[in-house]
Amino acid sequence: MARFKSIRFRSVLLAASITLAVASPVSAQGGGQGGGSSGGGRPASSEPTETGERAQPPGSPSGADGSALGWGTVPSSAGDPENRFSAWLDSSMEGSRLASVRERLRTLAGPALRAGVPLDAFVSRVREAVAKGAPPVLVAEAIESDAAAWIWLAGILADGTWPPENAATDLYLAVATAFRNGLDTGAVSGLVSWARVSGSRTGKAVAALATASAISSEFGASGAGDVARIVAASRLKIGRYDDVAALAARAAASGIGADRFDSALAATLGAGGSLADLERALFR
Amino acid sequence: MALDFLESRDADGDGSASDDAPAPFLRDASAAARSSDAIMAGIRSAGPLTTFLPRPDRRGPGLVGLAAAAALLIALSSLVTFGVMRSGATVEVRFVLVAPDARSVWLAADFNQWSPDGYEMHRTSDGPWEITVPLRKDKSYSYNFIIDGERWIADPGAPSRVDDGFGGASSSLSL
């Protein structure tokens, strides 16, 4: 009877898997149409293309060839990164809006681009700033700070063994966010060393940095010392990292300090434990 | 069609799958029959098949564990509801915002180049604004909601919120 139950259970699982596998593409193509869509429906896929350019979002005012000024104008792939960034600033809507600090942006980007910082990291931050309507001086200050972080990062990645080139931009952006939200060089270099030795996927390190940034932001500048490395090295899937941040927010709201959170994290996730172990350690 | 493109890639997006077709497997029929007999004899001598079958796990989670898991689930469900249907390397992510007084809500994110007019959210019949976006797994994303075309806010239900350096905050999402 036990054997029958086991086999039946496995059969149900198998059937469910097959059903999901068959249904997924259908659902993905039709998903998002419900709910009274009044315009646009389901967005087209938003993922980067192989060349690192991004698919044109629906409704974007820029032309598909990227020639018009506007969102989605992509820097030319010809020439060295400094010239490409400069040309993009001259020709894009973003550069036009930041005309008063354009030279400053060019000047601060030069050393970073020469050090190996991906051009896409600069472009992404400039786009975000302009989209949010940030004042040009604030944009220049923020990107200057990012550039300093990126030059430091380029130094510790100089041997070129990690990360893969197609994932580097995400890592650079995540490190700038981490510094901005209170992580220090020790926390980031610890993560990079671990990722290099373990051969980890860059996505894991990037997501762990995002989680650590949120936790540091929650607890203040002193928090999240070794959080990124512990989370990345844990057995959690990336999709559960936000749960760690949720527990940190709950802990902070309960008056638990950064030190206690860090030690609970190290004693649970850092020792092969689960999210439930971390929750018990924090709130028992 | 874009989804097909994504599904064909691995989680790192490096498209490492090989294009090499396997060589045809040609074998002499009598040799196959001999080896089949040998294999079946080996299996019969190994004893009852039940030895290899997995046994059902009769341990149940404790009540405290179940309650904790439920509480965590409820706390997170208000922010981003993951699509139930998962396909290969992508996940359907439903972004939801409760903003009853808003006239329009848009989603801007690093995955749409922060375009403020790329992804318009739709008001559902029961009130919240929502949009479903296919995103690649094993990545993290930053996003904001834009209310009435001018007010950028982080997701009020998201646990991961970071200073964006431009005087505001963004939410992050890991898949």
Side-chain angles (χ1 to χ4, degrees), chain A residues 2-3 5-6 9 20 23-25 27-29 31-32 35-40 42-47 54-55 57-60 71-72 124 127-129 131-132 134 138-139 142 145 164 166-167 177 180-181 201 203 206-207 210-211 213-214 217 238-239 241-243 245-246 249 276 279, chain B residues 2-3 5-7 11-14 50 53-56 65 68-69 72 75-76 83 85-87 90 92 108 110-120 122-125 130-140 144 152 158-168 172-175:
Chain A
R3 191 200 320 174
K5 276 184 183 172
S6 174
F9 178 66
L20 281 176
S24 291
S27 167
Q29 287 165 15
S37 166
S38 59
R42 173 188 171 277
S45 171
S46 48
E47 295 301 305
R54 297 194 180 252
S60 169
W71 307 103
S124 177
R127 280 187 172 140
E128 179 183 0
K132 291 180 172 179
L138 182 59
V139 175
S145 174
N166 64 354
T177 301
R180 199 182 312 125
N181 285 274
R201 287 182 169 177
V206 169
T211 301
S213 300
S217 178
I238 293 175
Y241 287 7
D242 287 338
D243 296 350
E279 186 177 34
Chain B
L3 193 70
F5 166 77
L6 290 170
E7 284 176 328
D12 275 340
D14 59 5
T50 50
L53 290 174
R55 311 249 177 212
L72 192 61
L76 289 173
M85 298 298 183
R86 289 168 175 251
S87 61
T90 64
E92 298 273 308
D110 53 2
F111 54 76
N112 73 349
Q113 306 171 85
W114 296 104
S115 172
D117 51 5
Y119 290 165
E120 183 177 14
H122 320 293
R123 195 195 288 270
T124 56
S125 55
E130 68 174 54
I131 190 170
T132 302
V133 182
L135 294 174
R136 187 179 295 173
K137 286 201 297 183
D138 295 328
K139 282 180 67 99
S140 63
N144 283 97
W152 287 66
S160 296
R161 175 189 300 218
V162 292
D163 175 2
D164 65 6
F166 305 123
S172 70
L173 166 68
S174 296
L175 298 176

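Just so we're on the same page: letters track the sequence lines, and every chain starts at 1.
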query = What are the two closest heavy atoms between B:W114 and A:A131, and how far apart are they?
reply = O-CB, 3.1 Å
Between CZ on residue A:R180 and CG on residue B:D164, distance to nearest 0.5 Å = 7.0 Å
task = Locate the shortest heavy-atom distance separating A:L138 from B:G167; write the atom from each residue and the value.
result = CD2-N, 4.1 Å
Nearest heavy-atom neighbours spanning A:D242 and B:S160 = OD1-OG, 3.2 Å
request  = Side chain from CB out, backbone as N, CA, C, O: work out which of these in B:N144 comes under 4.5 Å of a heavy atom of chain A, or both, or neither.
outcome  = side chain
note = Note: B:G165 and A:A142 closest approach over all heavy atoms is O-CB, 3.4 Å
note = Cut-off 4.5 Å, heavy atoms of chain B, and the answer for A:A129 is both
message = If you compare all heavy atoms of B:S140 against all heavy atoms of A:V206, which two are closest, and at what distance to 0.1 Å?
response = OG-CG1, 3.6 Å
request  = With rounding to the nearest 0.5 Å, note down the distance linking CG in A:N181 to CG in B:D163.
outcome  = 5.0 Å
key: Atom group of A:S124 that falls short of 4.5 Å from chain B, counting heavy atoms   = both
key: Top contributor to chain B interface from A:S145, A:A207, A:A249 [non-hydrogen pairs under 4.5 Å]   = A:A207
